[in-house]
Every structure is written in structure tokens, then in C-alpha cells.
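Take a look at the structure set out below.
Position 1 is the first residue of the sequence, and the numbers go up from there. Worth saying up front: this structure is predicted, and the values here are computed from it rather than measured.
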Amino acid sequence: MIYKFMTTEDNAEIVHSELKEDGTVLVYVEKPDIKDCFHHMRCSIPSYSIKEVLGFSEEETQRYMDVIKSNSHLIMESSKE
């Protein structure tokens, strides 16, 4: 299952999976875009490995990763419920 975590000030949605058996959680960021429909990225925590990025600049990707890292304890806790 996928659970909504937050909407950022630029209307990007951050959602996450349930806690996987290996202790990881997949985190997805998706933002509407007029030209491309949606930009998105996927990463895994707690390793913070980025799995896929489409449409986001390096700066945007880093900004979203900063949000994810600073809230990872909340995401991990939410994924257990």
C-alpha cells in the first residue's frame, strides 16, 4: 500500500510504502507539470538511495531529498502503522 505523507509548498506530493520485510520504505515524490503531466522520483530509506528521477532538476531532487531525510523518522514510524 501507499500512504500520503505530505504536500510541499510547490504542490509536490510525498507518499510512502509500508515497512518492507528488509526494513526499507519506498518514498515517492510526484508533482504536476503542465508540459510533462507529472515529474516524479523514487527513493528508498533508510539508505536514501535514489531509484528513479524523471523531470526534476538536480536542485529539485536535492531539495526533496532534504525534506525526506529531515522527516525520515516520521516516515519510518508512519510506515509501521
Side-chain angles (χ1 to χ4, degrees):
M1 276 196 109
I2 298 296
Y3 303 94
K4 183 175 178 178
F5 180 68
M6 72 182 295
T7 303
T8 63
E9 72 282 347
D10 63 349
N11 290 325
E13 294 285 329
I14 299 177
V15 299
H16 64 83
S17 71
E18 71 282 353
L19 183 67
K20 304 292 185 184
E21 287 183 21
D22 64 359
T24 63
V25 175
L26 296 177
V27 180
Y28 305 90
V29 180
E30 184 176 79
K31 180 180 171 185
D33 181 77
I34 292 173
K35 181 182 174 192
D36 300 327
C37 240
F38 284 96
H39 292 175
H40 68 272
M41 65 179 278
R42 183 171 53 119
C43 71
S44 177
I45 58 175
S47 68
Y48 303 109
S49 59
I50 297 173
K51 305 286 186 184
E52 178 180 328
V53 177
L54 178 66
F56 290 130
S57 67
E58 287 184 31
E59 292 168 1
E60 289 173 307
T61 300
Q62 187 57 54
R63 187 177 65 228
Y64 294 128
M65 287 304 295
D66 290 345
V67 170
I68 292 166
K69 287 177 181 179
S70 67
N71 289 285
S72 63
H73 63 288
L74 297 172
I75 295 170
M76 292 297 284
E77 189 64 34
S78 176
S79 72
K80 295 175 187 175
E81 297 176 4

Enumerate, atom names and distances included, each donor-acceptor pair closer than 3.5 Å involving a side-chain atom of residues 49-56, sequence neighbours excluded.
| from | atom 1 | to | atom 2 | distance (Å) |
| --- | --- | --- | --- | --- |
| Ser49 | OG | Ser47 | OG | 3.1 |
| Glu52 | OE2 | His40 | NE2 | 2.6 |

### Message
If you compare all heavy atoms of Tyr48 against all heavy atoms of Ser72, which two are closest, and at what distance to 0.1 Å?
### Response
OH-OG, 2.8 Å
### Message
On a heavy-atom basis, which atom in Gly23 and which in Pro46 lie closest, and how many Å separate them?
### Response
O-CD, 3.7 Å
### Query
Would you say the side chain of Ile68 lies within less than 4.5 Å of the side chain of Val29, judging by non-hydrogen atoms?
yes
### Message
Distance check, rounded to the nearest 0.5 Å: Thr24 atom OG1 versus Met76 atom CE?
### Response
7.5 Å
### Task
Go through the structure and list residues passing salt bridge (Lys or Arg N to Asp or Glu O under 4.0 Å) with Lys4, not counting sequence neighbours.
Glu13
#### Entry: Approximate separation, where rounding is to 0.5 Å, of Glu9 CD and Met6 CE
7.5 Å
### Message
Can you give me the closest heavy-atom contact between Ser79 and Ser17, atom names plus distance?
### Response
CB-O, 3.5 Å
### Query
Just how far is it from atom CG of Asn71 to atom CD of Glu77, taken to the nearest 0.5 Å?
13.5 Å
### Query
If every non-hydrogen atom of Arg42 is compared with every non-hydrogen atom of Tyr28, which pair is closest and at what distance?
CD-CE2, 3.1 Å
### Query
Taking all non-hydrogen atoms of both residues, which atom of Glu60 and which atom of Ser57 are closest, and how far apart?
OE1-N, 2.8 Å
### Message
Using only atom types and a distance under 3.5 Å, with no angle test, would you say the side chain of Ser78 pairs donor to acceptor with the backbone of Leu74?
### Response
no
### Query
Of all residues at least two apart in sequence or in a different chain, which pass the salt bridge (Lys or Arg N to Asp or Glu O under 4.0 Å) check with Asp10?
Lys31, Arg63
### Message
I need the His16 NE2 to Ser44 OG distance, nearest 0.5 Å.
### Response
13.5 Å
### Task
Output the distance between atom CD (Gln62) and atom NZ (Lys69), rounded to the nearest 0.5 Å.
6.0 Å
### Task
Decide whether Met41 and Leu26 are clustered together by the hydrophobic rule: side chain heavy atoms of Ile, Leu, Val, Met, Phe, Trp, Tyr closer than 4.5 Å, transitively.
no
### Co-membership, hydrophobic cluster, residues Ile75 and Val15, 4.5 Å side-chain
no
